Protein chains: 2
Amino acid sequence: MSAEYQLDQDINHAIIEFYERLSSWEQSVVRDQGASLAQIHTVEILGANGAMRMKELADKLGITTGTLTVQVDRLVKAGLVVRQSSVNDRRSVEVQLTEKGQQMFAEHDQLHLQLTREMTAVFDDAERQQLLRFLARLNSTF
Amino acid sequence: MSAEYQLDQDINHAIIEFYERLSSWEQSVVRDQGASLAQIHTVEILGANGAMRMKELADKLGITTGTLTVQVDRLVKAGLVVRQSSVNDRRSVEVQLTEKGQQMFAEHDQLHLQLTREMTAVFDDAERQQLLRFLARLNSTF
DNA sequence: ATCAAGTAATTTGATTATCAAACAATGTGG
DNA sequence: CCACATTGTTTGATAATCAAATTACTTGAT
């Protein structure tokens with residue numbers, strides 16, 4: 001096993017651990033906000049990216065549109081999102097956050113920010129900037 | 001809004017995006033492996049950390065022990081894990097991967113490694129090492 | 001212009017995931 | 001020894017999920 005291979009492995013496992021920890025944190029935090037993980041995920045994506053079509057949203061969530069229809073039904077009922085039929089394509093439905101949905105997003109985002117601050121507390125400013133560049137690069141390539 | 005605050009915000013959103021993308025990737029990939037997301041998560045944690053008690057496992061997954069009992073029932077039925085009552089504490093139950101479970105872990109880990117390679121393809125060696133150090137630090141502080 | 005094939009969302013039926021609360025078995029600290 | 005805490009399971013209810021069928025609409029080829 002080459003040294004490079006080992007480094008890739010180490011990075012891989014560090015990423016997996018990071019993901020698992022975030023996932024566990026998210027799951028725990030979400031209950032206190034009175035919503036399910038799936039719901040917060042949806043709100044999170046709409047909050048970060050703005051309104052989008054069902055199909056696009058389902059892809060970003062990694063679920064089928066059938067599942068998403070049920071999910072959005074619940075979110076509409078909870079007053080967090082609204083449906084709007086698309087003007088370009090009358091098959092499509094745009095989903096967007098309501099005022100209340102944006103509020104929930106902001107609240108959740110604030111919790112994330114606190115966590116981020118705790119995680120990067122020992123980073124100096126230059127390191128923080130480099131971390132941001134790394135993350136941006138990771139995100140851009142998948 | 002100070003410059004530092006903005007940097008924290010940017011890092012925060014980059015982390016959230018990273019998490020969402022991983023989550024979506026995981027959800028999509030998992031189906032092709034013939035298991036659910038929850039099941040793979042469990043296998044992933046046991047594979048990375050070795051055998052552990054129900055409570056500990058539930059904590060790492062961010063779910064209740066009640067949910068985990070059902071989950072482990074299914075995994076046992078699928079031949080992926082086994083239960084073993086603890087010697088120290090007779091209330092406790094240790095869960096560990098079977099041969100088949102380890103195989104599934106290895107297979108899934110390989111998919112992660114491929115993704116990691118794609119994500120870090122544009123990183124040179126020094127950057128890779130720094131990325132690993134950053135990830136290790138992030139993981140150690142939460 | 002028409003029609004076949006493709007795409008978007010919903011519905012349906014079945015399974016899985018989840019929680020809170022109640023319970024049984026075991027450990028712990030006075 | 002006993003009150004209290006902890007571990008795992010069970011139970012009953014709800015939410016999340018998929019695949020497949022359906023409906024409505026778009027697109028492309030002829």
Side-chain angles (χ1 to χ4, degrees), chain A residues 23-46 51-96, chain B residues 20 23-46 51-78 80-96:
Chain A
S23 191
S24 168
W25 175 87
E26 185 100 344
Q27 200 130 14
S28 307
V29 126
V30 145
R31 291 290 152 195
D32 309 332
Q33 265 193 296
S36 70
L37 188 57
Q39 283 181 338
I40 284 280
H41 256 191
T42 308
V43 168
E44 220 166 9
I45 288 180
L46 288 176
M52 68 181 72
R53 291 175 305 111
M54 293 289 288
K55 185 64 166 63
E56 201 181 345
L57 184 52
D59 285 346
K60 278 197 198 291
L61 286 165
I63 62 180
T64 64
T65 56
T67 299
L68 184 58
T69 293
V70 179
Q71 193 59 245
V72 168
D73 283 349
R74 259 191 269 281
L75 289 171
V76 167
K77 210 169 176 179
L80 295 167
V81 308
V82 288
R83 281 188 172 92
Q84 231 175 349
S85 53
S86 168
V87 275
N88 318 343
D89 186 339
R90 277 189 300 174
R91 291 169 306 179
S92 290
V93 174
E94 291 247 319
V95 186
Q96 68 176 349
Chain B
E20 295 288 354
S23 190
S24 167
W25 175 87
E26 185 99 346
Q27 200 129 14
S28 307
V29 126
V30 144
R31 290 291 151 194
D32 309 331
Q33 263 193 300
S36 69
L37 187 57
Q39 283 181 338
I40 284 280
H41 256 192
T42 307
V43 168
E44 220 166 10
I45 287 180
L46 288 175
M52 67 182 72
R53 292 174 305 112
M54 292 289 288
K55 185 64 166 60
E56 201 180 344
L57 185 51
D59 285 347
K60 278 197 199 291
L61 287 165
I63 61 181
T64 65
T65 56
T67 300
L68 185 57
T69 293
V70 179
Q71 192 59 245
V72 168
D73 284 349
R74 258 191 270 281
L75 289 171
V76 167
K77 209 168 176 179
L80 296 167
V81 308
V82 287
R83 281 189 172 92
Q84 231 174 351
S85 53
S86 168
V87 276
N88 318 343
D89 186 338
R90 276 190 299 172
R91 291 169 306 178
S92 289
V93 174
E94 291 246 319
V95 187
Q96 68 176 347

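Since the model is a prediction, treat every value here as computed from it, not as a measurement. Here is the naming used below: chain letters follow the sequence lines, and residue numbers restart at 1 for every chain.
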Exercise answer: donor-acceptor pairs, residues 34-46 of chain B side-chain atoms, under 3.5 Å, sequence neighbours excluded:
residue: B:Ser36; atom: OG; partner: B:Gln39; partner atom: N; Å: 3.2
residue: B:Gln39; atom: OE1; partner: B:Ser36; partner atom: N; Å: 3.4
residue: B:Thr42; atom: OG1; partner: B:Ala38; partner atom: O; Å: 2.9
residue: B:Glu44; atom: OE2; partner: B:His108; partner atom: NE2; Å: 3.2
residue: B:Glu44; atom: OE2; partner: B:His112; partner atom: NE2; Å: 2.8

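- Shown here are the salt bridge (Lys or Arg N to Asp or Glu O under 4.0 Å) partners of B:Arg90, two or more places apart in sequence or in another chain: there are none.
- The side-chain contact (heavy atoms from CB on, under 4.5 Å) check on B:Val70 picks up B:Arg74, with sequence neighbours excluded.
- Taking a heavy-atom distance under 4.0 Å as the criterion, the stretch of DNA chain D touched by chain A extends 5' to 3' from D:dA15 to D:dT26.
- Among residues two or more places apart in sequence or in another chain, the side-chain hydrogen bond (donor to acceptor under 3.5 Å, both in side chains) test is passed with B:Arg91 by B:Asp89.
- The side-chain hydrogen bond (donor to acceptor under 3.5 Å, both in side chains) check on B:Thr67 picks up B:Thr64, with sequence neighbours excluded.
- Residue pairs satisfying the salt bridge (Lys or Arg N to Asp or Glu O under 4.0 Å) criterion with at least one member in residues 63-72 of chain A, sequence neighbours excluded, are absent.
- Here CG of A:Leu68 is found 3.5 Å from CE of A:Met54. Values are rounded to the nearest 0.5 Å.
- Listed by chain and number, the residues in a side-chain contact (heavy atoms from CB on, under 4.5 Å) with A:Ala51 are A:Glu94, A:Gln96 (sequence neighbours excluded).
- Of the possible polar contacts, none joining the B:Ser24 side chain to the B:Glu20 backbone as a donor-acceptor pair under 3.5 Å is found.
- For the helix from C:dA1-D:dT30 to C:dG30-D:dC1, the terminal axes (five pairs an end, C1' atoms, rotation from four pairs onto the next four) enclose an angle of 40°, given to 10 degrees.
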Exercise. Any chance you could list the contact pattern along nucleotides 14-27 of chain C? Use B for base contacts, S for sugar-phosphate-only contacts and - for none, protein heavy atoms under 4.0 Å, 5' to 3'.
Key: --SSBB-----BBS
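- Within the structure, the salt bridge (Lys or Arg N to Asp or Glu O under 4.0 Å) test picks out the following pairs touching residues 52-63 of chain A (sequence neighbours left out): A:Lys55-A:Asp59.
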